[in-house]
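Starting from 1, each residue takes its place in the sequence as its number. Numbering of ligands and ligand atoms starts at 1, following listing order.
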Amino acid sequence: MEATRKYPKTSRFAAIETLLRLNRTRYPVKPLFDSVTDECRLIGAERSLAMNLIYGVLRRRDYLDLLIGKLCNRPLDQLEPFVYQALSVGLYQLFCLDRIPESAAVNETVNALKAASLKKHLHGFVNGVLRAATRQRDTLPGPDDTLSSGAPILNHPAWLTDRWRDRYGQDEMERICRVNSREPRLTLRVNTLKIDRNHFANRLQEDGITAIPGHYAPDSLVLTNYQGSISALPGYDEGCFQVQDEAAQLATLLLGPFTSQMAYLDGCAGLGGKTSHILQLMAPNSRVVAVEPEPQRLRLLQENLDRLAPERQLTICPTNLQEYLRTSRLQFDRVLIDAPCSGTGVIGRHPDIRWNRQPDDLIGYQLEQLDLLDNAAELVAPEGVIVYATCSIEIEENQQVMERFLAAHPGFSLTSCRGYLPETAVGFLEGDVFAPRPTGEIDGFFAARFMRTS
Ligand SMILES: C[S@@+](CC[C@H](N)C(=O)[O-])C[C@H]1O[C@@H](n2cnc3c(N)ncnc32)[C@H](O)[C@@H]1O
């Protein structure tokens, strides 16, 4: 108790504790982080720093393990678990960030061990390793160096790198890993119901925030130098924008053409990123139904839509698609199935995914995705279109789902995404489907259009 009172549970403590729980449970990092930061009563900049440290460690896990292995003369699994995570957080600050002074990185990390009431010799051990690391900086590898064998540091589990090597070749696999190891960029979709892209960019500029138009999606802005929280950006409360990668923005365009009197169903609405985009793009006398079963997401969906499009024709259904189909008599011109998936296209943005997923998960997702599409097929009107989307780059969740759906539903045919993408984005087509791989400018994604022909 004495130590806890003396040493507050700061951002470093929260980062270490979250990484520890993640390692133990393999739960998604966000809810673990929320409960740890609530317990530590962390807010504002301290909370953001904790988040950056966790995500950074997860993006550079193999590199940090390499450093720890060189600096400690024992196997990693023989380190006390809190000590192992503390060394990771400390070394990440020292070797991957340039905005934290060395002394603060070391002292604050050691204080986290004190706040955790760990034995005194462990404080000394962590202090010694981190100080040795700063002295030996010139002889230790940097985060983007290759190993002495010439092999790159991939920071991904072997099952993922093996499958990407088999599919794309060594160079492309290494490129994807490199992209996923860097901090992703922050991209917004300007809400043109409220303001156009140029005016909003100027408004950000007035606050010293540089915003450049994205290369692909017509309403996108990329913020190149912003480190603060999203809700502190100008125009947040007024609903002037939504954080959304360009791949996700392009996916909604595939629901086009946005002619009048159309009925849209967003069958997996989540937090409403694409629902709000449909509301932004739809022509007069159109309407949207959004289905989402998960209560927490539902609450955020409602909040987001209240902020972004309060006066639009929208019905939110707090249920799953299967139940919706049982109770609804409606048919839709466009159905979007932005399905639950492994998320391997957004591993840079959500770095816990790479360590939490297992190869067997892919077939589990495929079954869920096919079931959602079976239900969607019943809800789409003749001549209507289903857009099937995932943020995965795995064949099992994309091409295989597409083939199996079409084989089971002869009344549907694949139609090309080409006519719905801006010219700058047609390079992401693989045949008829939209399938960018992560580049640092755009997330990995997959989308296909199925038209009901009979
Ligand atoms: C990839 S997320 C959707 C993201 C969202 N479209 C967006 O752009 O923000 C998939 C969503 O499907 C929801 N979901 C899972 N099973 C479902 C089901 N059987 N019916 C409808 N939605 C489901 C999940 O709760 C999750 O929010």
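- Distance OG1/T275 to CD/Q242: 9.5 Å, rounded to 0.5 Å.
- For the pair R287 and Y264, the cation-pi criterion (under 6.0 Å, within 45° of the ring axis) is not fulfilled.
- Ring-centre distance between H156 and W355: not below the 6.0 Å cut-off.
- Annotation: F405 is in aromatic contact with F450 [ring centroid separation under 6.0 Å].
- Taking distance alone, with nitrogen or oxygen atoms compared against 3.5 Å, K274 approaches ligand 1 more closely than that limit.
- Here the protein heavy atom with the shortest distance to atom 9 (O) of ligand 1 is G273 N, 3.1 Å.
- The aromatic rings of F241 and F200 sit parallel, their planes meeting at an angle under 30°, below the 60° perpendicular limit.
- For ligand 1, one of its N or O atoms has an N or O atom of R297 under 3.5 Å away.
- When D338, I278, D266 are each tested for a side-chain contact (heavy atoms from CB on, under 4.5 Å) with T252, only one passes: I278.
- Atom numbering of ligand 1 starts at 1 in the shown order; those under 4.0 Å from a heavy atom of A339 are 1 (C).
- A salt bridge links E430 with R437: at least one charged nitrogen is closer than 4.0 Å to a carboxylate oxygen.
- Figure legend: R60 and Y92 shown without cation-pi pairing, the cationic atom not lying both under 6.0 angstrom from the six-membered ring centre and within 45 degrees of its axis.
- The ligand atoms of ligand 1 that sit less than 4.0 angstrom from a heavy atom of Q322 are 18 (C), 19 (N), 20 (N).
- The shortest N or O to N or O distance between L372 and ligand 1 is not below 3.5 Å.
- With ligand atoms numbered from 1 in the order given, ligand 1 contributes 1 (C), 2 (S), 3 (C), 4 (C), 5 (C), 6 (N), 7 (C), 8 (O), 10 (C) to contacts under 4.0 Å with heavy atoms of D338.
- For atom 3 (C) of ligand 1, the nearest protein heavy atom (residue, atom name, distance) is C268 O, 3.2 Å.
- Counting only non-hydrogen atoms, the option in T275, L321, I278 that gets closest to atom 20 (N) of ligand 1 is L321.
- Between F428 and Y216, a ring centre-to-centre spacing shorter than 6.0 Å is recorded.
- Heavy-atom separations between C391 and ligand 1 are all 4.0 Å or longer.
- Neither the backbone nor the side chain of C341 has any atom closer than 4.0 Å to an atom of ligand 1 (non-hydrogen atoms only).
- The residue from M173, E172, E174 that alone fulfils the side-chain contact (heavy atoms from CB on, under 4.5 Å) condition with W164 is M173.
- Each of the atoms 27 (O) of ligand 1 lies under 4.0 Å from some heavy atom of G270.
- In terms of polar-atom proximity, P340 is not counted as a contact of ligand 1, lacking any N or O under 3.5 Å from an N or O of the ligand.
- Evaluated for a side-chain hydrogen bond (donor to acceptor under 3.5 Å, both in side chains) with Q93, the options R99, E108, R12 yield exactly one hit, R12.
- Considering only non-hydrogen protein atoms, atom 22 (N) of ligand 1 sits nearest to P293 CD, 3.3 Å.
- Among Q244, Q249, E292, the residue whose heavy atom sits closest to atom 11 (C) of ligand 1 is E292.
- Only backbone heavy atoms of A269 (N, CA, C or O) come within less than 4.0 Å of ligand 1; its side chain stays farther off.
- At least one heavy atom of G267 sits less than 4.0 Å from an atom of ligand 1.
- Less than 4.0 angstrom separates some heavy atom of G272 from each of these atoms of ligand 1: 9 (O).
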